[in-house]
K.L.:
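Starting off with a structure, shown below.
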Amino acid sequence: MRIAVSSDMDEPVARSLVAELRGRGHEVTTHGALHPGRDPRWAVCSEAAAREVAAGTAEQAVVCCWTGTGASIAANKVAGVRAALCTDAYSADGARRWNDANVLALSLRLTSEPLLKEILDAWFGAEAGEDLDDLENLAHLGRLDLGRPAPGP
């Protein structure tokens, strides 16, 4: 799987993330502080990684900043992206299963290497569910991406 990774800081956990993804057999493209010469601002590098997902040049992305919040906000501004800030494995599993999230946002401050592996295990171990309520919610998000109002009451 091709995965875009961005980080606004060259932190050990960000480097571990790239190494872990490559070790799992994924092709990784890097943005921000992980790619010398690229703009490391969290809004810019998170958008760049998210745009790869939206364009179909990456199947998923992982965006990182100090808290993970800014990276998730920036990624979610890109139409077609469903970024989820996950601080534990349960949240990562739910984000994939119930929300069909295609971008994982991580906190550089809170994510240790053992926790990183647990989150990635859960993220890649879960698949989007087929529950009708979840599918209807995803369809609603698709309409929001297109700027269309929700159907009547």
K.L.:
Out of curiosity, Leu85 CG to Ser91 OG, how far, rounded to the nearest 0.5 Å?
P.N.:
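With rounding to 0.5 Å, CG (Leu85) is 8.5 Å from OG (Ser91).
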K.L.:
Quick check: does any side chain N or O of Ser46 sit under 3.5 Å from a backbone N or O of Ala75, one acting as donor and the other as acceptor?
P.N.:
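No; zero donor-acceptor contacts below 3.5 Å.
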K.L.:
For Leu115 versus Leu110, what's the shortest heavy-atom pair and its separation?
P.N.:
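Closest approach of Leu115 to Leu110: CD2-O, 3.9 Å.
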K.L.:
Distance check, rounded to the nearest 0.5 Å: Asp39 atom CG versus His31 atom NE2?
P.N.:
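The distance works out to 12.0 Å.
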K.L.:
To the nearest 0.5 Å, tell me how far His35 NE2 sits from Ser7 OG.
P.N.:
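Rounded to the nearest 0.5 Å, the NE2-OG separation comes to 14.0 Å.
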K.L.:
Take Glu20 and Leu120, measure what side-chain contact (heavy atoms from CB on, under 4.5 Å) needs, and give me the verdict at the end.
P.N.:
CA-CA 9 Å; Glu20 182 69 25; Leu120 293 177; 3.6 Å; yes
K.L.:
Once you round to the nearest 0.5 Å, how far does CG of Asp100 lie from CG of Asn137?
P.N.:
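Taking CG in Asp100 and CG in Asn137, the distance rounds to 12.0 Å.
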K.L.:
With rounding to the nearest 0.5 Å, note down the distance linking CG in Leu108 to CG in Asp10.
P.N.:
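It comes to 10.0 Å.
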K.L.:
Are Arg82 and Leu141 close enough, and set up right, to give a side-chain contact (heavy atoms from CB on, under 4.5 Å), and what steps lead you there?
P.N.:
CA-CA 9 Å; Arg82 293 173 305 283; Leu141 291 177; 3.9 Å; yes
K.L.:
Counting N and O atoms only, with roles assigned by atom type, does the side chain of Arg38 sit under 3.5 Å from a partner on the main chain of Thr30, one being a donor and the other an acceptor?
P.N.:
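Judged by distance alone, yes, a pair lies under 3.5 Å.
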K.L.:
Ion pair present between Arg2 and Glu27, side-chain N to carboxylate O less than 4.0 angstrom?
P.N.:
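So Arg2 pairs with Glu27 through a salt bridge.
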K.L.:
Within the supplied structure, the quantity of interest is the number of heavy atoms (other residues, nucleotides, ligands) at a distance under 6.0 Å from Arg109 CZ; does it exceed 12?
P.N.:
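For Arg109, atom CZ is not crowded (no more than 12 foreign heavy atoms under 6.0 Å).
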K.L.:
Could you work out, with salt bridge (charged side-chain N to carboxylate O under 4.0 Å, His left out) as the rule, every residue matching Asp121, not counting sequence neighbours?
P.N.:
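Here the qualifying residues are Arg24.
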K.L.:
With side chains defined as the heavy atoms from C-beta onward, is the minimum distance between Leu17 and Val5 less than 4.5 Å?
P.N.:
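Counting from C-beta outward, Leu17 and Val5 do come under 4.5 Å.
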K.L.:
Taking salt bridge (charged side-chain N to carboxylate O under 4.0 Å, His left out) as the definition, give me every residue that meets it alongside Glu47, ordered by chain and number, with sequence neighbours left out.
P.N.:
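Partners of Glu47 under the salt bridge (charged side-chain N to carboxylate O under 4.0 Å, His left out) test: Arg51.
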K.L.:
Quick one: CG on Leu106 to OG1 on Thr111, what's the gap to the nearest 0.5 Å?
P.N.:
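OG1 of Thr111 is found 5.0 Å from CG of Leu106.
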K.L.:
With the 4.5 Å side-chain cut-off for hydrophobic clustering, are Leu21 and Leu116 part of the same group?
P.N.:
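Result: yes, single cluster for both.
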K.L.:
Consider only side-chain N and O atoms of Trp123 and Gln60, and report whether a donor and an acceptor are under 3.5 Å apart.
P.N.:
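Checked: Trp123/Gln60 side chains pair up, N/O donor to acceptor below 3.5 Å.
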K.L.:
Mind listing the closest non-hydrogen atom pair of Ala105 and Ser72 along with its distance?
P.N.:
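Where Ala105 meets Ser72 most closely, the heavy atoms are CB-CB, 3.6 Å.
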K.L.:
Got a sec, which pairs hit salt bridge (charged side-chain N to carboxylate O under 4.0 Å, His left out) with one end in residues 125-136, sequence neighbours left out?
P.N.:
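Matches after skipping sequence neighbours: none remain.
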K.L.:
Please report the shortest heavy-atom distance between Arg97 and Ala126, naming the atom on each side.
P.N.:
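Heavy atoms of Arg97 and Ala126 come nearest at NH2-CB, 3.8 Å.
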K.L.:
Consider only side-chain heavy atoms of I, L, V, M, F, W and Y, link residues closer than 4.5 Å, and tell whether Val63 and Ile3 are in one cluster.
P.N.:
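Not linked; separate clusters.
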K.L.:
List the atom of Leu34, the atom of Ser6, and the distance in Å for their closest heavy-atom pair.
P.N.:
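In terms of heavy atoms, the two residues are closest at CD1-C, 4.3 Å.
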K.L.:
In terms of hydrophobic clusters joined by side-chain contacts under 4.5 Å, are Val103 and Ile73 together?
P.N.:
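Cluster IDs for Val103 and Ile73 differ.
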K.L.:
Mind checking whether His26 and Phe124 have parallel, tilted or perpendicular rings, split at 30° and 60°?
P.N.:
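Correct class here is parallel.
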K.L.:
So among Val28, Leu104, Ile119, Val18, which one has a side chain to side chain contact (heavy atoms under 4.5 Å, CB included) with Val62?
P.N.:
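Testing each of Val28, Leu104, Ile119, Val18 against Val62, the sole residue satisfying side chain to side chain contact (heavy atoms under 4.5 Å, CB included) is Leu104.
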K.L.:
Between Cys45 and Pro40, which heavy-atom pair has the shortest distance, and what is it?
P.N.:
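For Cys45 and Pro40, the tightest heavy-atom pair comes out as SG-O, 3.8 Å.
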K.L.:
One thing to verify: whether Asp8 and Arg41 come together as a salt bridge, which I'm taking to mean a side-chain N less than 4.0 angstrom from a carboxylate O.
P.N.:
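Salt bridge absent between Arg41 and Asp8.
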K.L.:
Which heavy-atom pair separates Leu138 from Asn99 by the least distance, and what is that distance?
P.N.:
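The pair with the smallest heavy-atom distance is CD2-O, 3.2 Å.
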